[in-house]
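As the structure lists them, so they are numbered: ligands from 1, and atoms in each ligand from 1. Computed from a predicted structure; not experimentally measured.
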Amino acid sequence: MDNSLAPALYIVPTPIGNLEDITFRAVRILKQCDIIACEDTRTASKLLKLLNIEPKLLVSYFEHNERARASELIDKIKTGKSVALISEAGTPVISDPGWAVVQEAIANNIEIVSLPGASAFLTAIVASGIAADKFAFFGFPPHKKGRKTFLQKIAELDITAVMYESPYRIRKLLDELGEIVAPERKICLARELTKIYEEYIRGSIAEVKEFIQNKSNLKGEFVVILEGKK
Ligand code: SAM
């Protein structure tokens with residue numbers, strides 16, 4: 001069997017918690033590619049070990065060296081190497097590094113092979129019970145500058161809005177939304193997806209706000225799904 005991969009940039013989603021959520025194709029590509037570019041070589045090594053994948057070469061590719069690394073990776077592909085891009089969890093590029101290398105690949109006429117796979121927002125929206133026929137994904141809200149304007153814009157949308165938020169800011173986010181959105185508007189918080197303590201907190205803004213104010217353990221990162229304005 002020929003085990004080599006055609007030179008290209010392979011975008012490979014990895015699990016968001018449950019190790020079983022990786023495709024056969026993703027495992028094959030990670031085994032066969034010449035280079036795996038990851039955010040952090042230590043966490044990637046752990047994941048690859050659990051999946052029984054021995055990387056030929058693992059290189060780091062993260063926010064602060066993204067531009068420089070993107071050019072290096074593209075040069076490697078030009079010399080015939082296959083490069084797989086992974087992130088800490090889920091799909092690269094989605095609130096994760098990767099956009100720069102995709103742009104470079106397109107500019108250099110390099111083939112991009114994007115694999116379907118795990119992503120927290122898609123997993124959450126389909127089980128949220130909030131309309132998924134039209135939605136907009138916003139990634140993380142800004143922490144400080146522009147946060148208020150950002151949330152006000154989201155509050156005015158007439159389609160579902162999807163965001164990511166950390167456990168440290170989730171109560172604050174609910175308070176802020178509570179001030180600008182009608183209390184009966186539906187919201188769903190999804191946390192620890194695919195893990196043992198997976199939880200969906202569904203209800204009106206007022207109900208969900210009260211629920212999480214009284215909840216002591218808010219571990220895990222969140223996907224926030226807000227119903228559009230009627
Ligand atoms: N690239 C990833 C994806 O495809 O979903 C997202 C990476 S972003 C840095 C991490 C954020 O995704 C977390 O802060 C959280 O909002 C969301 N997330 C990732 N895994 C999750 C999970 N298992 N449960 C809930 N949210 C999760």
Side-chain angles (χ1 to χ4, degrees), residues 9-23 25-26 29-30 36-44 46-48 50-51 60-66 84-102 112-130 132 135-144 147 150-151 154 160-174 176-177 187-202 208 211-212 215 217-226:
L9 173 68
Y10 297 83
I11 302 183
V12 182
T14 53
I16 56 167
N18 188 324
L19 212 58
E20 289 178 338
D21 295 331
I22 187 152
T23 66
R25 187 176 172 213
I29 284 171
L30 292 175
I36 298 178
C38 60
E39 279 187 78
D40 178 89
T41 50
R42 272 180 38 198
T43 34
K46 273 190 215 153
L47 173 74
L48 296 170
L50 289 167
L51 294 167
S60 81
Y61 174 92
F62 55 90
E63 227 178 312
H64 305 292
N65 71 3
E66 209 180 334
L85 178 70
I86 61 172
S87 64
E88 289 280 300
T91 301
V93 186
I94 301 297
S95 295
D96 265 336
W99 193 55
V101 72
V102 167
I112 301 174
V113 182
S114 175
L115 275 65
S119 196
F121 80 86
L122 209 50
T123 308
I125 195 175
V126 295
S128 68
I130 296 178
F135 68 90
F137 171 69
F138 293 93
F140 290 96
H143 291 182
K144 288 196 181 102
R147 185 173 172 98
F150 169 86
L151 293 177
I154 284 198
T160 301
V162 186
M163 286 166 274
Y164 285 160
E165 192 54 290
S166 82
Y168 313 107
R169 272 181 290 273
I170 194 73
R171 285 196 177 95
K172 182 170 179 263
L173 181 69
L174 264 282
E176 291 165 321
L177 287 174
I187 194 163
C188 170
L189 310 183
R191 68 173 195 117
E192 301 272 67
L193 292 171
T194 78
K195 302 180 191 177
I196 301 173
Y197 297 109
E198 172 175 288
E199 183 177 23
Y200 288 90
I201 307 165
R202 304 179 180 91
V208 170
F211 180 87
I212 67 156
K215 196 170 160 71
N217 179 8
L218 278 181
K219 250 186 72 200
E221 306 286 288
F222 285 82
V223 182
V224 179
I225 298 135
L226 178 69

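With hydrogens and angles ignored, the 3.5 Å screen pairs a side-chain donor or acceptor of Glu39 with a backbone N or O of Glu88. Thr91 contributes a side-chain N or O that, together with a main-chain N or O of Ala118, makes up a donor-acceptor pair within less than 3.5 Å.
Heavy-atom neighbours of Phe140 CZ from other residues, nucleotides or ligands within 6.0 Å: above the threshold of 12. Atom CG of Leu50 sits in a crowded spot, with more than 12 heavy atoms from other residues, nucleotides or ligands closer than 6.0 Å.
Taking a 4.0 Å cut-off on heavy atoms, Ala190 registers as neighbouring ligand 1. Not a single heavy atom of Thr194 lies less than 4.0 angstrom from ligand 1.
Among Glu192, Glu221, Glu199, the residue whose heavy atom sits closest to atom 15 (C) of ligand 1 is Glu221. Of the listed residues (Ala89, Gly117, Ser95), the one carrying the non-hydrogen atom nearest atom 8 (S) of ligand 1 is Ser95.
Remark: of the listed residues Thr41, Val101, Ile36, Val101 is the sole one forming a side-chain contact (heavy atoms from CB on, under 4.5 Å) with Tyr61.
At least one N or O atom of Asp96 sits closer than 3.5 Å to an N or O atom of ligand 1. Taking any N or O of Ala120, backbone or side chain, at least one lies under 3.5 Å from an N or O belonging to ligand 1. In terms of polar-atom proximity, defined here as any N/O pair under 3.5 Å, Ser87 makes no such contact with ligand 1. Considering both main-chain and side-chain atoms, Gly90 never comes within under 3.5 Å of ligand 1 through any nitrogen or oxygen pair. Checking only distances, Phe222 does come within under 3.5 Å of ligand 1, N or O to N or O. Inclusion of Leu193 in the set of residues having an N or O under 3.5 Å from an N or O of ligand 1 is warranted.
With a 4.5 Å cut-off on side-chain heavy atoms, Lys215 and Glu199 count as touching. Two residues are said to be in side-chain contact when any heavy atoms from C-beta on lie closer than 4.5 Å; Ile94 and Tyr164 meet this criterion. Considering only heavy atoms from C-beta on, Leu218 stays 4.5 Å or farther from Tyr168 through its side chain.
Aromatic ring pairs are classed by plane angle as parallel below 30°, tilted from 30° to 60° and perpendicular above 60°; the pair Phe150 and Phe138 is perpendicular.
Nearest protein heavy-atom neighbour of atom 20 (N) of ligand 1: Ile16 CB, 3.8 Å. Of the protein's non-hydrogen atoms, the one nearest atom 3 (C) of ligand 1 is Ser119 OG, 3.4 Å. Looking at atom 5 (O) of ligand 1, its nearest protein heavy atom turns out to be Tyr164 OH, 2.7 Å. Atom 10 (C) of ligand 1 has as its closest protein heavy atom Phe140 CZ, 3.9 Å.
Counting atoms of ligand 1 from 1 in the listed order, those under 4.0 Å from a heavy atom of Glu165 are 16 (O). Of all atoms in ligand 1, numbered sequentially from 1 with element shown, those under 4.0 Å from a heavy atom of Thr91 are 1 (N), 3 (C), 4 (O).
The residues Arg147 and Glu165 are annotated as salt-bridged, a charged nitrogen and a carboxylate oxygen being separated by less than 4.0 angstrom.
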Test side-chain contact (heavy atoms from CB on, under 4.5 Å) on Leu189 and Arg191; report intermediate values, then the result. CA-CA 7 Å; Leu189 310 183; Arg191 68 173 195 117; over 6 Å; no
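Heavy atoms of Glu88 found under 4.0 angstrom from ligand 1: none, in either backbone or side chain. In Ala124, neither the side chain nor the backbone holds a heavy atom less than 4.0 Å from any atom of ligand 1.
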